[in-house]
Engineer: 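Following this message is one structure expressed as C-alpha cells.
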Amino acid sequence: MEKRMLIFSCVVSFISFISTNSEIDTSRPELSCSGRVHYNVTLAAYYPVFDSDNESDYLDARMKKLRTLQNYLDERAEFVTVSMDLDSGIPYGTKLCIPELNAKFLRNIPLQARDKSHYNNVKTNSPDFSHVDICVRTEEDTYDNSVNRVVTLYV
Ligand SMILES: *[C@@H]1O[C@H](CO)[C@@H](O)[C@H](O)[C@H]1NC(C)=O
Ligand SMILES: *[C@@H]1O[C@H](CO)[C@@H](O)[C@H](O)[C@H]1NC(C)=O
C-alpha cells in the first residue's frame, strides 16, 4: 500500500514537472523576440487613473489613451503602452518585446514606448533601457509578480 502511494506520488510529480516545463517553454518561435537585447531590465507596473485632474494620469506623452495589458489580452487594444525615459532619446512609439511576458501569457505581447518616466538614479547620456513600466488595468493588476521582475528586453 505504501509502495503504491509512493509510485502514485512519483507519477504526479513527474506530470507536474512536465507541465511546469511546458509553461516556461520559450522555444516556441512565436513567443521569442528579436532585435537588440538588453539584459537585467527592471519591469514594473502602473495603471491609469481616469478620475484624475491631471491628464498625464490617463494619457500618454502625446495625449493618447493608455493601452493596458488587460485590454490587449481582451483584444480591445492592438498594443500595450509602456512608460520609459523618452527624454533620454528613446523615440515615442518604439516597439519592444519581452520574452518573459510572452511566455507567461502564451502570446506575443506587442509593447510600445509611449509614456514618459524618468529615473533619477540612472546617469546616462544615451537611451535608457534599464527600466520599463507596463500599463495594466487596475491597481490590483500592478501587484502581479509577472509584471514586477527583472526581464530581458528586445528593441
Ligand atoms: C544580470 O544580473 C545577474 C545577477 O545580478 C548577473 O549575474 C549578470 O551578469 C547580469 N547580466 C548582465 C548581462 O548584466
Ligand atoms: C501632472 O503630472 C505630471 C507627472 O506627475 C507632472 O509632471 C505635471 O506637472 C502634472 N501637471 C499638473 C497640471 O499638475
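Every number for a ligand or one of its atoms is a count from 1 in the order of the listing. Count residues from 1 along the sequence. Here the structure is a predicted model, which is why all the values come from computation and not from measurement.
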Engineer: Atoms of ligand 2 less than 4.0 Å from Ser56 heavy atoms?
Structural biologist: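 Taking each heavy atom of Ser56 in turn, ligand 2 has 1 (C), 2 (O), 3 (C), 4 (C) under 4.0 Å.
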Engineer: Can you list, pair by pair, the side-chain donor-acceptor contacts under 3.5 Å of residues 40-48, counting residues two or more places apart and other chains?
Structural biologist:
{"from": "Tyr46", "atom 1": "OH", "to": "Asp115", "atom 2": "OD2", "distance (Å)": "2.8"}

Engineer: Whether the Asn54 and Ser56 side chains hold a donor-acceptor pair (N or O, under 3.5 Å, no angle test) is what I'd like checked.
Structural biologist: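 Distance-only check passes for Asn54 and Ser56.
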Engineer: Contact residues of ligand 1 with a heavy-atom cut-off of under 4.0 Å?
Structural biologist: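 For ligand 1, the contacting residues are Tyr39, Asn40.
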Engineer: How would you list all residue pairs meeting salt bridge (Lys or Arg N to Asp or Glu O under 4.0 Å) that involve residues 87-97, not counting sequence neighbours?
Structural biologist: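 Counting only pairs at least two positions apart or across chains, the salt bridge (Lys or Arg N to Asp or Glu O under 4.0 Å) contacts touching residues 87-97 are Asp87-Lys116.
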Engineer: Over all heavy atoms of both residues, which pair between Leu96 and Met84 is shortest? Give the atoms and the distance, please.
Structural biologist: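 Residues Leu96 and Met84, closest heavy atoms: CD1-SD, 3.4 Å.
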Engineer: Taking side chain to side chain contact (heavy atoms under 4.5 Å, CB included) as the test, write out the residues that go with Asp74, two or more places apart.
Structural biologist: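 If we apply the side chain to side chain contact (heavy atoms under 4.5 Å, CB included) test to Asp74, skipping adjacent residues, the hits are Arg76, Arg137.
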Engineer: According to the interplanar angle, ranging from 0 to 90°, do the rings of His131 and Tyr119 count as parallel (below 30°), tilted (30 to 60°) or perpendicular (above 60°)?
Structural biologist: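 If you compare the ring of His131 with that of Tyr119, the planes turn out parallel.
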